[in-house]
Amino acid sequence: MYGGLKGKPPRRDITLEEVALHKTQEDAWTVIRGQVYNLTPYMKYHPGGAKILFAVMGKDGTKMFDRYHPWVNIDFLLSGCLVGRLAAPA
Ligand code: HEM
């Protein structure tokens, strides 16, 4: 969906430092419940608007996500935008 990652296999080793490098509208990653997503292709479709997503670009967005809509099925909606899994803390 959305062709976010063009079929690349998910990675398991992504650190928060790497996520933090992707914090612009043209290149926006976020973490929701330990999974790293490329938000860029989804932003324009977000029912809550693109602007509010600026708050979570390059960061762990789980708290914000759960504050607004813990019931939203992110696995389904962003399945094509999954970059991989956040690395375990060192
Ligand atoms: C990152 C993945 C996200 C996905 C897939 C997503 C998806 C959605 C969906 C499907 C809705 C409609 C829900 C409904 O009507 O029941 C929605 C609404 C909304 N989202 Fe998100 N969301 C995401 C992240 C966020 C984040 C991080 C925030 C806050 C910083 C946020 C704030 C909102 C707000 C405020 C609405 C309500 C819009 C309205 O009803 O006027 N979302 N989102």
Side-chain angles (χ1 to χ4, degrees):
M1 204 183 196
Y2 310 119
L5 289 171
K6 306 190 173 85
K8 284 188 206 144
R11 294 169 44 196
R12 306 177 67 88
D13 58 343
I14 304 161
T15 59
L16 273 177
E17 286 74 25
E18 184 178 356
V19 173
L21 300 174
H22 304 270
K23 56 177 183 196
T24 66
Q25 218 175 335
E26 297 73 39
D27 177 23
W29 289 10
T30 193
V31 184
I32 311 281
R33 300 181 191 135
Q35 309 271 44
V36 180
Y37 295 99
N38 176 10
L39 273 186
T40 318
Y42 179 73
M43 290 182 81
K44 58 177 177 285
Y45 302 108
H46 181 229
K51 245 189 189 164
I52 197 162
L53 298 179
F54 289 13
V56 300
M57 294 186 320
K59 296 182 192 157
D60 192 317
T62 308
K63 269 195 194 147
M64 291 285 255
F65 183 90
D66 284 342
R67 187 178 304 160
Y68 289 99
H69 42 44
W71 60 85
V72 166
N73 190 340
I74 187 160
D75 286 342
F76 174 73
L77 284 174
L78 294 192
S79 63
C81 300
L82 182 67
V83 184
R85 197 182 295 175
L86 199 64

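As the structure lists them, so they are numbered: ligands from 1, and atoms in each ligand from 1. Only heavy atoms go into these numbers, but all of them, side chains included; no hydrogens, no water, no symmetry mates.
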**Message:** Using side-chain contact (heavy atoms from CB on, under 4.5 Å), reason through Lys23 and Trp29 one step at a time and then give a plain yes or no.
**Reply:** CA-CA 7 Å; Lys23 56 177 183 196; Trp29 289 10; over 6 Å; no
**Item:** side-chain contact (heavy atoms from CB on, under 4.5 Å) assessment of Val83 paired with Ile14
**Value:** CA-CA 9 Å; Val83 184; Ile14 304 161; 3.7 Å; yes
**Message:** Can you tell whether the side chains of Asp13 and Arg85 come within less than 4.0 Å, N to carboxylate O?
**Reply:** no
**Complete:** Lining ligand 1 at under 4.0 Å, by non-hydrogen atom distance, are residues Leu39, Tyr42, His46, Pro47, Gly48, Ile52, Leu53, Val56, Met64, Phe65, Tyr68, His69, Trp71, Val72, Ile74, Leu77, Leu78
**Request:** Can you measure from OG1 (Thr62) to CZ (Arg33) and round to the nearest 0.5 angstrom?
**Result:** 7.0 Å
**Request:** To the nearest 0.5 Å, tell me how far Lys59 NZ sits from His22 NE2.
**Result:** 15.5 Å
**Complete:** The side-chain contact (heavy atoms from CB on, under 4.5 Å) partners of Leu16 (sequence neighbours excluded) come to Val31, Leu86
